[in-house]
Amino acid sequence: MPDGADPLPPLREVIAAHGLAAKRSLGQNFLLDLNLTRRIARAAGPLDGMTVYEVGPGPGGLTRALLAEGAARVVAVERDARCLPALAEIADAFPGRLEVIEADALALDEAVLLKGGPVRVAANLPYNVGTALLVKWLTAETFFWRSLTLMFQREVAERIVAPPGGKAYGRLSVLAQWRTRAKILFDVSPRAFTPPPKVTSAILRLEPLAEPVAPCRLDDLERITEAAFGQRRKMLRQSLKPLLPEDAIRDAGIDPTRRAETLSVAEFAALARAYRPSP
Ligand code: SAM
């Protein structure tokens with residue numbers, strides 16, 4: 001097969017042949033336009049020589065695109081057993097390059113599953129699962145991935161990339177931006193999905209930074225951001241009271257009368273260091 005070719009039937013036919021009516025309980029909104037899935041696959045690249053970890057392949061629109069765009073290997077984790085025969089057809093069309101695992105991605109240890117070469121992650125997931133996985137991947141001690149290219153509800157994507165100073169800036173922004181570069185690449189209209197969701201989606205890409213924005217322990221940063229944004233309207237001297245005395249906030253170079261959403265990521269790291277200075 002020439003590079004870039006996809007020998008399989010249109011996705012509408014695949015879905016009809018395998019009776020894959022979308023299930024709301026699994027957050028299934030399928031992408032049927034192979035031009036769009038190719039665009040997402042290219043956004044996840046470069047894929048040559050890469051293992052791609054795909055979560056929630058469903059009928060396989062993005063899976064096919066990742067393979068056709070040159071991924072050396074795709075490891076795909078799908079919870080819905082109904083999708084497995086359709087995915088097996090893709091594995092046959094791209095021999096030795098697709099491994100499908102029936103599992104709940106939230107329960108997997110990717111570092112063990114994906115041992116070996118460099119990994120890129122690509123996924124169009126239900127939004128709640130997407131956010132939970134993103135937090136799992138951002139809070140792992142070491143990253144098993146070189147890039148994450150993920151579909152999110154536009155509003156969630158905006159929260160991840162938000163700068164300080166606005167309503168969208170929160171815990172997820174700080175966790176993501178502390179040690180990754182996060183960027184919204186393009187929007188995806190509800191009309192692109194079957195069935196269409198209620199809101200616009202966006203493709204987001206995250207890449208690890210060589211070093212975190214400022215040093216601190218991740219668990220301390222999580223604790224501080226949780227407390228500070230848990231009461232985001234309150235001044236830090238109030239919201240951080242259980243963790244840090246007012247003087248310690250001031251000693252970290254931060255005015256205790258400020259509110260969480262005004263702090264930069266580096267200032268949160270300074271508070272995390274004040275909470276438990278490194279030995
Ligand atoms: N990637 C396909 C596409 O773009 O058309 C399907 C997208 S659909 C929004 C999400 C897929 O994730 C569904 O196939 C669903 O069964 C699967 N899924 C949902 N929760 C999952 C989980 N916890 N682990 C693995 N797959 C999951």
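Note that the coordinates shown come from a computational prediction; the quantities given were computed from them, not determined experimentally. Atom set for the values below is all heavy atoms of this structure, side chains included, hydrogens, waters and symmetry mates excluded. Each ligand, and each atom within it, is numbered from 1 in the order the structure gives.
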Legend entry - Derivation and outcome, side chain to side chain contact (heavy atoms under 4.5 Å, CB included), residues L204 and T149: CA-CA 6 Å; L204 181 81; T149 305; over 6 Å; no
How does [X] reach ligand 1, if at all, at less than 4.0 Å between non-hydrogen atoms: by side chain, backbone, both, or neither?
{"X": "A123", "answer": "neither"}
{"X": "A103", "answer": "backbone"}
{"X": "E54", "answer": "side chain"}

Of all the atoms in ligand 1, which lie at a distance below 4.0 Å from a heavy atom belonging to [X]?
{"X": "G58", "result": "14 (O)"}
{"X": "G56", "result": "1 (N), 2 (C), 6 (C), 7 (C), 11 (C), 12 (O), 17 (C), 26 (N)"}
{"X": "D104", "result": "22 (C), 23 (N), 24 (N)"}
{"X": "N29", "result": "7 (C), 8 (S), 9 (C)"}
{"X": "D80", "result": "16 (O)"}
{"X": "L31", "result": "3 (C), 4 (O), 5 (O)"}
{"X": "V77", "result": "25 (C), 26 (N)"}

Which protein non-hydrogen atom lies closest to [atom], naming both residue and atom, and how far is it?
{"atom": "atom 24 (N) of ligand 1", "value": "A105 N, 3.0 Å"}
{"atom": "atom 2 (C) of ligand 1", "value": "P57 O, 3.3 Å"}
{"atom": "atom 3 (C) of ligand 1", "value": "N124 ND2, 3.5 Å"}
{"atom": "atom 13 (C) of ligand 1", "value": "Q28 CG, 3.6 Å"}
{"atom": "atom 18 (N) of ligand 1", "value": "E78 OE2, 4.1 Å"}

Ignoring hydrogens, what is the shortest heavy-atom contact between [X] and [Y]? Give both atom names and the distance.
{"X": "L206", "Y": "A176", "value": "CD2-CB, 4.2 Å"}
{"X": "Y169", "Y": "S264", "value": "OH-C, 3.5 Å"}
{"X": "L20", "Y": "P59", "value": "CD1-CB, 3.9 Å"}
{"X": "L240", "Y": "L271", "value": "CD1-CD1, 3.8 Å"}
{"X": "R250", "Y": "P256", "value": "NH2-CG, 3.7 Å"}

Legend entry - Any N or O of F30 closer than 3.5 Å to N or O of ligand 1: no
Min heavy-atom dist [X] to ligand 1 below 4.0 Å:
{"X": "G61", "value": "no"}
{"X": "G27", "value": "yes"}
{"X": "L62", "value": "no"}

Legend entry - Selected option - heavy-atom contact closest to atom 21 (C) of ligand 1, from R79, R82, E102: R79
Please determine if [X] and [Y] form a salt bridge, counting it only when a charged side-chain N lies under 4.0 Å from a carboxylate O.
{"X": "E69", "Y": "R38", "result": "yes"}
{"X": "E99", "Y": "R73", "result": "yes"}
{"X": "K183", "Y": "E207", "result": "no"}
{"X": "E267", "Y": "R258", "result": "yes"}

Inset, instruction - Verify the ring-centre separation between F268 and F229: is it less than 6.0 angstrom? - result: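 Distance test on ring centres: under 6.0 Å, yes.
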Inset, instruction - Look at the rings of F144 and Y53 and say which category their plane angle falls in: under 30° parallel, 30 to 60° tilted, over 60° perpendicular. - result: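 Because their plane-to-plane angle is over 60°, the rings of F144 and Y53 count as perpendicular.
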